[in-house]
Amino acid sequence: MALTSVDKTNELRQRIETRKARIGIVGMGYVGLPLALLFSEERFRITGFDIDSRKVDSLNQGGSYIVRIPGTEIQMAQQSGFTATADYGQIAQMDVVIICVPTPLNEYHEPDLSYVTGTVRSIAPHLHEGQLIILESTTFPGTTEEIVVPLLEAGNPAGLRVARDAVTSGFFVAFSPEREDPGNDSVARRDIPKVVGGCGSTAADLASTVYKTIFNRTVLVSSPAAAEMTKLLENIYRCVNIALVNELKQLCLRMNIDLFEVIEAAKTKPFGFQAFYPGPGLGGHCIPIDPFYLSWKAREFDFRTRFIELAGEVNLGMPYFVVENIIEALSQQGKALRGSKILVLGLAYKRDIDDLRESPSLTIIELLQKRGADVAYNDPFFPTVGQGRKYALNMTSMPLDQIPEYDCVVIVTDHSQYDYRSIVSRAKLVVDTRNATRGIVADNIVRS
Ligand SMILES: NC(=O)c1ccc[n+]([C@@H]2O[C@H](COP(=O)([O-])OP(=O)(O)OC[C@H]3O[C@@H](n4cnc5c(N)ncnc54)[C@H](O)[C@@H]3O)[C@@H](O)[C@H]2O)c1
């Protein structure tokens, strides 16, 4: 007797609960690889898909290319059947496919969904009845329903449609945003609730069943668009609040008030206040980029997202503010920036991680070089730095024992392995953009 759609849905639910479901994760980057490892720990047999053959080879050889993931974790996952591949044909064998590919901005600061659409187009020919497809990439509200579903429906040769309940046949689609905060170990990944919005309640329920195997709690919202918007709200909230403290920092420096002291005091209020900290500018794959996804979509509705634009303006100005401070600090010592030797500490966009995407360090180095400074850097996470989409540094990390030779040391990323007391004692001048030298009293420190 042929299985009905309801039977197939129940069968998938059971395969998930008994860990027999095959899960494919597309995009073995900062989001996809840790997710694959979490499922592997739960004894799921995971297939990682990536178009980057170096990543595929490295994973299949039991190696890792992300600093905080040791090779031993990949090897342990291999014992649960983890393999990596660039062959989309294997999608056909998957019960669940989770998409974790990049969603950057193009040169006009508009959403670049080409990785998502490329992935969906590659999956579509291999779709099968009852398969569950989940998008995790951060994106504007409407992407799942308006772009992913139509591409899947148009691209599968069997003519399958999205199934919006357990009775209709077809495939299931949901959106569930990634909420990881790299380098932040204060909350175990399992304890971060997972928001899920499905194209129909059955899809949402199936996706929730998948995530409940690795997360303690799932939060169901009524649609993929609500889940997409949830992720953007979280990131815009950070972006706007960081812009606020970045602006206040500039004012406080003029008023000779220590904003960090003020934030610590404000933080003692038991309600209604959350601490955000100023810095040299925004970095990373999310906070500088995601708000623009919403601004772009808002235009379709004749709406200007003024808060987002203002926050973007303040945050984008921070590297310039830092450079102005360096120029001023050098001039106080009778030196011009042109020809001065500057050592930038930290390339990563934040403390203790090996990710330099959108890092303010890159902008600061570029601005300093354009103004004629002789710039070097040190970062324990990047022994060398070559060329990226938006920079061409081709530099090597300089040893810290050369600090006395520099006219100015600029702390851009406050990695915890730096000995700030020692740095200050050997430097001619320190410009500190992160309050890394708090508690150190010395004439050669300039807070920026
Ligand atoms: N990194 C984070 O901390 C973080 C946090 C929350 C959300 N996100 C979001 O998650 C998504 C992924 O980010 P990431 O940091 O993991 O990106 P990443 O660049 O580290 O990894 C993406 C991977 O996808 C691969 N890829 C690209 N196109 C592909 C295709 N067509 N088929 C198969 N593989 C393909 C790339 O080779 C790369 O390995 C983005 O939307 C991002 O905004 C990231």
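Each ligand, and each atom within it, is numbered from 1 in the order the structure gives. Just so it is clear, the values below take in all heavy atoms, side chains as well, and ignore hydrogens, waters and symmetry mates. We count residues from 1, following the sequence as given.
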(request) Ignoring hydrogens and angles, tell me if any N or O in the side chain of Thr103 forms a donor-acceptor pair with the backbone of Thr138 under 3.5 Å. (result)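 Between the backbone of Thr138 and the side chain of Thr103 there is a qualifying donor-acceptor contact (under 3.5 Å).
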Does [X] approach ligand 1 within less than 4.0 angstrom via side chain, backbone, both or neither, non-hydrogen atoms only?
{"X": "Lys231", "answer": "side chain"}
{"X": "Ser137", "answer": "both"}
{"X": "Val31", "answer": "both"}
{"X": "Pro177", "answer": "neither"}

(request) Select the closest option to atom 43 (O) of ligand 1 among Arg357, Arg54, His285, judged by heavy-atom distance. (result)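 When every heavy atom of Arg357, Arg54, His285 is considered, His285 comes closest to atom 43 (O) of ligand 1.
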Enumerated ligand 1 atoms positioned under 4.0 Å from heavy atoms of [X]:
{"X": "Thr103", "result": "40 (C), 41 (O), 43 (O)"}
{"X": "Val26", "result": "32 (N), 33 (C)"}
{"X": "Glu180", "result": "5 (C)"}
{"X": "Tyr88", "result": "30 (C), 31 (N), 32 (N), 33 (C)"}
{"X": "Pro102", "result": "19 (O), 22 (C), 24 (O), 27 (C)"}
{"X": "Cys286", "result": "4 (C), 5 (C), 6 (C), 7 (C), 8 (N), 44 (C)"}
{"X": "Lys55", "result": "38 (C), 39 (O)"}
{"X": "Tyr115", "result": "27 (C), 28 (N)"}

Tell me the protein heavy atom at minimum distance from [atom], and give that distance in Å.
{"atom": "atom 24 (O) of ligand 1", "value": "Gly27 CA, 3.3 Å"}
{"atom": "atom 37 (O) of ligand 1", "value": "Asp50 OD1, 2.6 Å"}
{"atom": "atom 7 (C) of ligand 1", "value": "Thr138 OG1, 3.5 Å"}
{"atom": "atom 3 (O) of ligand 1", "value": "Pro182 CG, 3.2 Å"}
{"atom": "atom 21 (O) of ligand 1", "value": "Gly29 CA, 3.2 Å"}
{"atom": "atom 11 (C) of ligand 1", "value": "Val101 O, 3.4 Å"}
{"atom": "atom 31 (N) of ligand 1", "value": "Thr119 OG1, 3.1 Å"}

Within the 4.5 Å heavy-atom criterion, are [X] and [Y] side-chain neighbours or not?
{"X": "Thr437", "Y": "Ile440", "value": "yes"}
{"X": "Phe321", "Y": "Leu253", "value": "yes"}
{"X": "Val245", "Y": "Tyr277", "value": "no"}
{"X": "Val314", "Y": "Leu316", "value": "no"}
{"X": "Cys199", "Y": "Pro224", "value": "yes"}

(message) Less than 4.0 Å is my threshold; does some heavy atom of Arg179 fall inside it relative to ligand 1?
(response)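 No, Arg179 has no heavy atom closer than 4.0 Å to ligand 1.
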(message) Applying the salt bridge (charged side-chain N to carboxylate O under 4.0 Å, His left out) criterion to Lys350, which one of Asp379, Asp414, Asp181 satisfies it?
(response)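 The salt bridge (charged side-chain N to carboxylate O under 4.0 Å, His left out) with Lys350 is passed solely by Asp181 among Asp379, Asp414, Asp181.
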(message) Can you tell whether the side chains of Arg161 and Glu129 come within less than 4.0 Å, N to carboxylate O?
(response)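 Here Arg161 does not pair with Glu129 in a salt bridge, since their nearest N and O are not under 4.0 Å apart.
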State, to 0.1 Å, how close [X] and [Y] come at their nearest heavy-atom pair, and which atoms those are.
{"X": "Asp95", "Y": "Arg15", "answer": "OD2-NH2, 3.0 Å"}
{"X": "Lys249", "Y": "Pro278", "answer": "CD-CB, 3.6 Å"}
{"X": "Arg68", "Y": "Tyr30", "answer": "NH2-CD2, 3.7 Å"}

(request) May I ask you to check whether Asp112 and Asn106 show a side-chain donor-acceptor distance below 3.5 Å? (result)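 No.
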(message) Run the side-chain hydrogen bond (donor to acceptor under 3.5 Å, both in side chains) test on Ser201 and Arg164 for me, step by step, so that the C-alpha distance in whole Å, both residues' side-chain angles and the decisive distance to 0.1 Å come before the verdict.
(response) CA-CA 7 Å; Ser201 57; Arg164 296 194 181 268; over 6 Å; no
